[in-house]
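Below is one structure, written out as structure tokens, with a few remarks after it.
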2 protein chains.
Amino acid sequence: MQTFNAIHAHRTPAAFAMRGAANLPPLCEPAISSSRRTFERGEEIFAEGEACNVFYKVISGTVRTGKLLSDGRRQIDAFHFAGDVFGLEGGALHRFTAEAVDKVTVAVFRRGSAGSLVKADPVFGEQLMTAMLSNLDRAHDHMVLLGRKTALEKMASFLMDVADRHADVERAELAMQRTDIADHLGLTIETVSRTLTQMVKDGLIRLANAGRTVILSDKAALRLLCA
Amino acid sequence: MQTFNAIHAHRTPAAFAMRGAANLPPLCEPAISSSRRTFERGEEIFAEGEACNVFYKVISGTVRTGKLLSDGRRQIDAFHFAGDVFGLEGGALHRFTAEAVDKVTVAVFRRGSAGSLVKADPVFGEQLMTAMLSNLDRAHDHMVLLGRKTALEKMASFLMDVADRHADVERAELAMQRTDIADHLGLTIETVSRTLTQMVKDGLIRLANAGRTVILSDKAALRLLCA
DNA sequence: CGAGTTTTTGAAGGACATCAACGTCTGTGG
DNA sequence: CCACAGACGTTGATGTCCTTCAAAAACTCG
């Protein structure tokens with residue numbers, strides 16, 4: 001895997017700061033030990049089936065988490081941006097895989113057995129609970145998208161979500177490639193591509209930066225498409 | 001909405017007892033007050049947008065939780081059976097709706113603001129965390145189903161899941177009607193019906209009790225279909 | 001038994017997938 | 001600095017799984 005210099009240098013720390021768990025104070029460092037790690041583009045952070053002794057908070061970059069079916073079909077259940085917590089699970093083993101979409105820095109938190117840290121540090125535990133609830137909210141929204149939206153609606157919802165979570169009103173910076181988007185939205189890369197070009201033709205968006213930047217030209221129309 | 005006598009009288013308390021949050025001790029009564037309520041078939045337990053001061057544990061019956069799009073499309077994100085916790089959310093408002101599929105009894109738990117009960121009763125909080133994590137696990141699995149599985153695979157996965165969670169090795173008792181199944185699996189009622197009849201023709205299942213009981217004739221084949 | 005609801009079955013259409021080829025971008029090495 | 005190779009993305013033609021529209025069958029309950 002070759003290196004790949006980050007496209008998103010303009011993602012300011014200020015923008016990151018706005019993206020804690022849904023309007024709540026950012027997850028602060030706990031009594032429990034935490035350290036940092038960096039991953040290169042494409043690197044695996046943890047894999048399905050591995051022991052699950054730590055969980056993570058994204059400091060910078062983008063992480064994808066998801067599952068693989070036996071025949072290679074993949075579902076990316078979420079992208080995690082700076083401030084997001086991922087890798088928290090009920091059992092002793094990871095039930096999904098996490099990989100770095102681009103160069104990623106994470107904070108690593110140890111956990112005892114399932115939820116015992118809640119007792120160890122209740123304040124931290126509460127923040128954790130909030131982070132998890134926000135993950136759950138997002139999962140619910142995504143199930144509606146996967147089960148009931150059209151390709152056009154999926155794409156519109158995705159673009160608006162990325163822009164929102166980056167606190168950018170007018171553009172969505174796509175750190176991930178088309179394959180990742182397709183596997184997140186339950187589509188194929190071809191449909192993702194076609195849908196984007198259709199949106200350009202309809203004046204909803206414009207593409208820049210080799211298709212990695214999506215400028216939201218008509219947010220009102222896009223919002224309607226989110227259904 | 002007419003009354004509807006419960007089909008599932010044979011769901012024994014013993015079977016229920018096996019279905020706490022994923023292999024963990026059942027959520028016991030907390031220091032925090034709890035009471036009981038009963039809902040008739042079709043009754044709303046809470047609605048999207050309502051204030052969210054309590055959450056629930058199913059004592060008996062089946063609950064569906066889900067969301068509605070503006071044009072009436074619906075996604076049921078989960079069915080909750082006895083022992084399952086539902087209605088826990090990050091924000092002050094419910095982000096989804098809960099309704100009784102059949103006659104349902106629930107335990108009602110007050111909650112202060114987001115997660116403050118973790119501090120009030122850490123042991124209970126930990127159990128709660130576990131319950132939530134199990135919901136999150138299930139949500140992840142369901143996203144794979146919605147995004148990447150065929151109608152046949154969806155149906156097979158659903159039937160196996162229902163049977164498992166009822167701790168019944170050979171049959172799935174479907175308390176919900178076809179519309180609910182369709183809205184859970186991201187299909188139409190017609191496709192649900194057709195898929196079931198196809199499974200009967202292929203010897204995978206047999207239907208009984210006016211299509212409400214599914215006998216899993218060929219579990220090995222069904223398991224393969226879960227992909 | 002009969003009205004209303006739910007489920008099944010049938011025929012036709014459409015949205016997205018698949019298969020295939022071409023275009024574009026990136027980083028490397030001459 | 002430019003050319004090249006490989007990865008990534010777009011576009012086109014065709015196919016198919018599931019949906020939609022329609023109607024009949026089965027079931028529930030008064």
Side-chain angles (χ1 to χ4, degrees), chain A residues 1-8 40-42 71-75 101-103 145-156 174-201 205-214 225 227, chain B residues 1-7 40-42 71-74 101-103 145-156 174-201 205-214 225 227:
Chain A
M1 180 67 67
Q2 76 281 21
T3 48
F4 185 77
N5 35 14
I7 296 170
H8 307 294
E40 293 304 317
R41 173 176 189 256
D71 62 357
R73 280 175 288 176
R74 187 175 67 150
Q75 177 66 42
V101 166
D102 50 9
K103 181 159 186 164
L145 180 148
L146 290 171
R148 288 298 179 217
K149 292 188 182 178
T150 65
L152 189 62
E153 291 167 340
K154 284 177 176 181
M155 204 65 224
L174 305 180
M176 68 296 291
Q177 51 192 41
R178 300 295 188 254
T179 307
D180 288 338
I181 299 175
D183 285 343
H184 184 49
L185 302 182
L187 299 170
T188 59
I189 40 172
E190 293 95 332
T191 301
V192 167
S193 182
R194 273 188 256 269
T195 305
L196 284 171
T197 51
Q198 190 56 49
M199 286 174 132
V200 171
K201 281 178 189 159
I205 60 171
R206 280 183 305 126
L207 295 177
N209 191 8
R212 298 307 265 243
T213 299
V214 179
L225 278 174
Chain B
M1 180 64 68
Q2 76 282 17
T3 49
F4 184 77
N5 35 16
I7 296 169
E40 292 304 316
R41 173 177 188 255
D71 62 356
R73 279 175 289 177
R74 186 176 69 150
V101 166
D102 50 8
K103 182 160 186 163
L145 180 149
L146 290 171
R148 289 296 177 218
K149 291 188 183 177
T150 65
L152 190 63
E153 291 168 341
K154 285 177 176 182
M155 204 65 225
L174 306 179
M176 68 295 292
Q177 52 189 44
R178 300 295 188 255
T179 307
D180 288 338
I181 298 174
D183 286 343
H184 183 50
L185 302 182
L187 299 170
T188 59
I189 42 172
E190 292 94 331
T191 300
V192 167
S193 181
R194 271 188 259 267
T195 305
L196 284 171
T197 51
Q198 189 57 48
M199 287 174 130
V200 171
K201 280 177 190 159
I205 60 171
R206 281 184 303 127
L207 295 177
N209 192 8
R212 288 314 190 82
T213 299
V214 179
L225 279 174

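So you know, we letter chains A, B, ... as the sequences are listed, proteins then strands, and number each from 1.
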Rounded to the nearest 0.5 Å, how far apart are OG1 of B:Thr213 and CG of B:Leu174? 7.5 Å

What distance do A:Ile181 atom CD1 and A:Thr195 atom OG1 have between them, rounded to the nearest 0.5 Å? 10.5 Å

Value rounded to 0.5 Å, distance of CZ in B:Arg194 from OG1 in B:Thr188: 7.0 Å

Qualifying salt bridge (charged side-chain N to carboxylate O under 4.0 Å, His left out) pairs with a residue from residues 176-188 of chain A, counting only residues at least two apart or across chains: A:Arg64-A:Asp180, A:Arg74-A:Asp180, A:Arg74-A:Asp183, A:Asp183-B:Arg148

I'd like to check the side chain to side chain contact (heavy atoms under 4.5 Å, CB included) partners of B:Ala210; sequence neighbours left out, ordered by chain and number. none

Which comes earlier along DNA chain D counting from the 5' end, the contact point of A:Arg148 or that of A:Lys201, where each point is its nearest nucleotide? A:Lys201

To the nearest angstrom, the CG-C1' distance between A:Leu174 and C:dC25 comes to 16 Å

Under the rule for side chain to side chain contact (heavy atoms under 4.5 Å, CB included), what residues qualify as partners of B:Ser193, not counting sequence neighbours? none

Which residues pass the side chain to side chain donor-acceptor pair (under 3.5 Å) test with B:Thr150, not counting sequence neighbours? B:Glu153

Tell me the interatomic distance from A:Arg41, atom CZ, to C:dT26, atom C1', rounded to whole angstroms. 10 Å

The nucleotide from D:dC8, C:dT7, D:dC27 with an atom nearest the side chain of B:Arg178 is C:dT7

Starting at atom CE of B:Met176, determine the distance to atom C1' of C:dT7, rounded to an integer number of angstrom. 16 Å

For B:Lys149, which residues count as a side chain to side chain donor-acceptor pair (under 3.5 Å) partner, sequence neighbours excluded? B:Ser157

Between D:dT28, D:dG9, D:dC18, which nucleotide gets closest to the side-chain atoms of B:Thr150? D:dC18

In Å and rounded to the nearest 0.5 Å, what is the CE to NE2 distance from B:Met176 to B:His184? 7.5 Å

Starting at CG of B:Asp102 and ending at P of C:dT6, how long is that distance when rounded to a whole Å? 15 Å

Under 4.0 Å from any atom of DNA chain D, heavy atoms only: list the residues of residues 191-200 of chain B that qualify, in numerical order. B:Thr191, B:Arg194

Would you kindly give the CG-to-P distance between B:Asn209 and D:dA26, to the nearest whole Å? 17 Å

Using whole Å, what does the distance between atom C1' of nucleotide D:dC18 and atom CZ of B:Arg73 come to? 15 Å

How close or far is atom C1' of D:dC18 from atom CD of B:Glu153, stated in whole angstroms? 14 Å

Near-strand residues of residues 182-190 of chain A, defined as heavy-atom separation under 4.0 angstrom from DNA chain C: A:Gly186, A:Leu187, A:Thr188, A:Glu190

Interatomic distance, B:Leu207 CG vs D:dA25 C1' [rounded to whole Å]: 15 Å

Supply the atom-to-atom distance B:Leu225 CG to B:Lys154 NZ, rounded to the nearest 0.5 angstrom. 14.0 Å

Between the first and last five pairs of the helix from C:dC1-D:dG30 to C:dG30-D:dC1, the angle of the axes, rounded to 10 degrees: 40°

Side chain B:Arg206, main chain B:Val200, donor-acceptor under 3.5 Å: no

